Chemist: 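Have a look at this one.
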Amino acid sequence: MGYELVIFDNDGVLVDSEPLANSILSTYLTEIGHPTTYEESLRDYMGAAVHRVHDLVFERTGQRLPEEFDHTLQERISAGFARELKPVPGVTEVLAELSAQGVPYCLASSGTHERIRVGHRSAGLGEWFEEEWIFSAEDVGRGKPAPDLFLHAADMMGVAPARCVVVEDSPLGVEAARAAGMDVLAYTSMSPAAALPGASAYFGEMKELSALLGLGV
């Protein structure tokens, strides 16, 4: 394999959370007076940290979201995850291959550490990630599309950015990975390839990822 570290996005790549999380987010925003469809939520917020929601709402309306917004959103998402979150089909097999071959991997997510932990418990992925392999936008000053999170993950894992490859499914995540100087493999389950420009390769099913990473070759 040509890479020394595989960095996974979390939502939509490891856990099948994007449809659920964006449904909850769009419903909540609409409830508090900022009408948002599910499709608009995916377009504007998929792959982003929650500060982007605050920023875009203020930019568009001049209004601040309620002080309790983040807490309430997290509560609703955590409850939804506990009820129905599943791992992305085929991802545990990829993680097993990486582990068996001793290939370092980690995750870098726009979600909070709490959201990541809740999601992994619900989806049964906890066994695959040590705490020190988990990085959140909470750990850096700027979330995606800034490169900070991916650069932080590479630094903490002791690997040069040019030796890393990122697995992403959102336009913001692909942009961030490219800005970090990393190759990026774009998973097109939620966004078409045309919406993910600049990726090194594209794949529509997780079972295709092993070959792209050179596992078993």
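Remember, predicted model here, so these are calculated numbers, not experimental data. One is the number of the first residue; the rest follow in order along the sequence.
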Chemist: With the side chain counted from C-beta on, respond yes when P197 and V174 share a heavy-atom pair under 4.5 Å apart, and no when they do not.
Modeler: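 Side chain of P197 against side chain of V174, heavy atoms only: no contact under 4.5 Å found.
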Chemist: For the residue pair E138 / T112, report whether a side-chain donor-acceptor contact shorter than 3.5 Å exists.
Modeler: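 No, E138 and T112 have no side-chain donor paired with an acceptor closer than 3.5 Å.
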Chemist: Measure the CG-CD distance between L25 and E18 for me, rounded to the nearest 0.5 Å.
Modeler: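 It comes to 10.5 Å.
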Chemist: Whether the side chain of S109 engages the backbone of N10 through a donor-acceptor N/O pair (distance < 3.5 Å, no angle test) should be reported.
Modeler: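 Pair absent, no side-chain N/O of S109 close to backbone of N10.
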Chemist: Find out whether L107 and D9 are in side-chain contact, i.e. whether some heavy atom of one side chain is under 4.5 Å from a heavy atom of the other.
Modeler: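 Not touching, per the 4.5 Å side-chain cut-off.
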Chemist: State yes or no: do V94 and F129 share one hydrophobic cluster built from I, L, V, M, F, W and Y residues joined by side-chain heavy-atom distances below 4.5 Å, directly or via other members?
Modeler: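 Yes; tracing contacts between hydrophobic side chains, which count when under 4.5 Å, links both residues.
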Chemist: Judged by atom type as modelled, is there a donor-acceptor pair below 3.5 Å linking the side chain of Q101 to the main-chain atoms of L98?
Modeler: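 Checking the backbone N and O of L98 against the side chain of Q101, no donor-acceptor pair under 3.5 Å is found.
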Chemist: Is it true that V166 and F203 fall in one hydrophobic cluster, defined by side-chain heavy atoms closer than 4.5 Å?
Modeler: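 Cluster IDs for V166 and F203 match.
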Chemist: Is there side-chain contact between E168 and K144, with at least one heavy-atom pair below 4.5 Å?
Modeler: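 Answer yes - side chains close enough.
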Chemist: Would a 4.5 Å heavy-atom cut-off, applied to side chains only, mark P161 and L151 as touching?
Modeler: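 Contact flag for P161/L151 side chains = yes.
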Chemist: Can you get from V88 to F81 by hopping between Ile, Leu, Val, Met, Phe, Trp and Tyr side chains that sit under 4.5 Å apart?
Modeler: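 Result: yes, single cluster for both.
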Chemist: With heavy-atom distances below 4.5 Å as the criterion, would you say the side chains of L213 and L185 are in contact?
Modeler: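 Touching, per the 4.5 Å side-chain cut-off.
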Chemist: Flag the pair V57 / E59 as yes when at least one side-chain heavy-atom distance between them is below 4.5 Å, and no otherwise.
Modeler: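 Side-chain contact under 4.5 Å: no.
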Chemist: Run the salt bridge (Lys or Arg N to Asp or Glu O under 4.0 Å) test on D183 and R163 for me, step by step, so that the C-alpha distance in whole Å, both residues' side-chain angles and the decisive distance to 0.1 Å come before the verdict.
Modeler: CA-CA 8 Å; D183 284 351; R163 305 306 305 159; over 6 Å; no
Chemist: Hey, do the aromatic rings of F135 and F150 have their centres closer than 6.0 Å?
Modeler: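 No: the rings miss the under 6.0 Å criterion.
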Chemist: Would you say the side-chain atoms of T30 pair up with the backbone N or O of S26, donor to acceptor, closer than 3.5 Å?
Modeler: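 Confirmed, T30 side chain pairs with S26 backbone.
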Chemist: Do T72 and E68 have side-chain atoms, one donor and one acceptor, less than 3.5 Å apart?
Modeler: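 E68 and T72 do not have a side-chain donor-acceptor pair below 3.5 Å.
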Chemist: Would a single hydrophobic cluster contain both M206 and M46, if residues Ile, Leu, Val, Met, Phe, Trp and Tyr are joined by side-chain heavy-atom contacts under 4.5 Å?
Modeler: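 In one cluster with M46: M206, no.
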Chemist: Restricting to side chain to side chain donor-acceptor pair (under 3.5 Å), what partner residues turn up for S191, sequence neighbours left out?
Modeler: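 Scan of S191 (side chain to side chain donor-acceptor pair (under 3.5 Å), adjacent residues dropped) gives none.
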Chemist: Could you walk me through whether M156 and W133 pass side chain to side chain contact (heavy atoms under 4.5 Å, CB included), step by step?
Modeler: CA-CA 9 Å; M156 295 300 292; W133 301 349; over 6 Å; no
Chemist: Please report the C-alpha distance between I7 and V167 in whole Å, then the side-chain angles of each, then the deciding distance to 0.1 Å, and finally whether the side chain to side chain contact (heavy atoms under 4.5 Å, CB included) criterion is met.
Modeler: CA-CA 6 Å; I7 305 176; V167 184; over 6 Å; no
Chemist: What's the verdict on side chain to side chain contact (heavy atoms under 4.5 Å, CB included) for C106 and F8, showing C-alpha distance, side-chain angles and the deciding distance?
Modeler: CA-CA 6 Å; C106 66; F8 288 93; over 6 Å; no
Chemist: Quick test of your reading of the model: are R142 and D148 salt-bridged, counting only N-O distances below 4.0 Å?
Modeler: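 Result for this pair is yes, salt bridge flagged.
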Chemist: How long is the gap from OG on S122 to CD on E84, to the nearest 0.5 Å?
Modeler: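 With rounding to 0.5 Å, OG (S122) is 10.0 Å from CD (E84).
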Chemist: Can a side-chain donor-acceptor contact be found between N22 and Y45 if the only test is distance below 3.5 angstrom?
Modeler: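 Distance-only check fails for Y45 and N22.
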Chemist: Given the ring of F58, does R64 sit roughly above its face, with NZ or CZ under 6.0 Å from the centre of the six-membered ring and within 45° of the axis?
Modeler: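 Flagged: R64 positioned over aromatic ring of F58.
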Chemist: Take S78 and Q74 through the test side-chain hydrogen bond (donor to acceptor under 3.5 Å, both in side chains) and record every step on the way to the result.
Modeler: CA-CA 6 Å; S78 293; Q74 182 59 56; 2.8 Å; yes
Chemist: Under 3.5 Å, side chain of S110 to main-chain N/O of G47, donor-acceptor pair present?
Modeler: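 Yes, because the side chain of S110 sits within donor-acceptor range (under 3.5 Å) of the backbone of G47.
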Chemist: How far does CD of Q63 sit from CD1 of I32, to the nearest 0.5 angstrom?
Modeler: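 Result: 9.5 Å between the selected atoms.
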Chemist: For the side chain of T188 and the backbone of A186, is there at least one donor-acceptor N/O pair under 3.5 Å apart?
Modeler: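 Judged by distance alone, no pair lies under 3.5 Å.
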Chemist: Test your reading of the model: is there a side-chain donor-acceptor pair from D44 to the backbone of S41, 3.5 Å cut-off?
Modeler: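 Pair absent, no side-chain N/O of D44 close to backbone of S41.
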Chemist: NE2 of H34 to CZ of R60: how many Å apart, nearest 0.5 Å?
Modeler: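 It comes to 11.5 Å.
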Chemist: Just wondering, do P87 and D16 contact through their side chains at under 4.5 Å, heavy atoms?
Modeler: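 They are not in contact (no side-chain heavy atoms under 4.5 Å apart), so the answer is no.
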Chemist: Do Y28 and F69 have ring centres separated by under 6.0 Å?
Modeler: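 Ring centres of F69 and Y28 closer than 6.0 Å.
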Chemist: Is it true that V91 and L209 fall in one hydrophobic cluster, defined by side-chain heavy atoms closer than 4.5 Å?
Modeler: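 Looking at the clustering, L209 is in the same group as V91.
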Chemist: Go through the steps for V53 and L65 under the test side chain to side chain contact (heavy atoms under 4.5 Å, CB included), then give the verdict.
Modeler: CA-CA 9 Å; V53 184; L65 290 172; 3.9 Å; yes
Chemist: Hey, does M190 have a side-chain heavy atom less than 4.5 Å from the side chain of L42?
Modeler: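 Result yes, sub-4.5 Å side-chain heavy-atom pair found.
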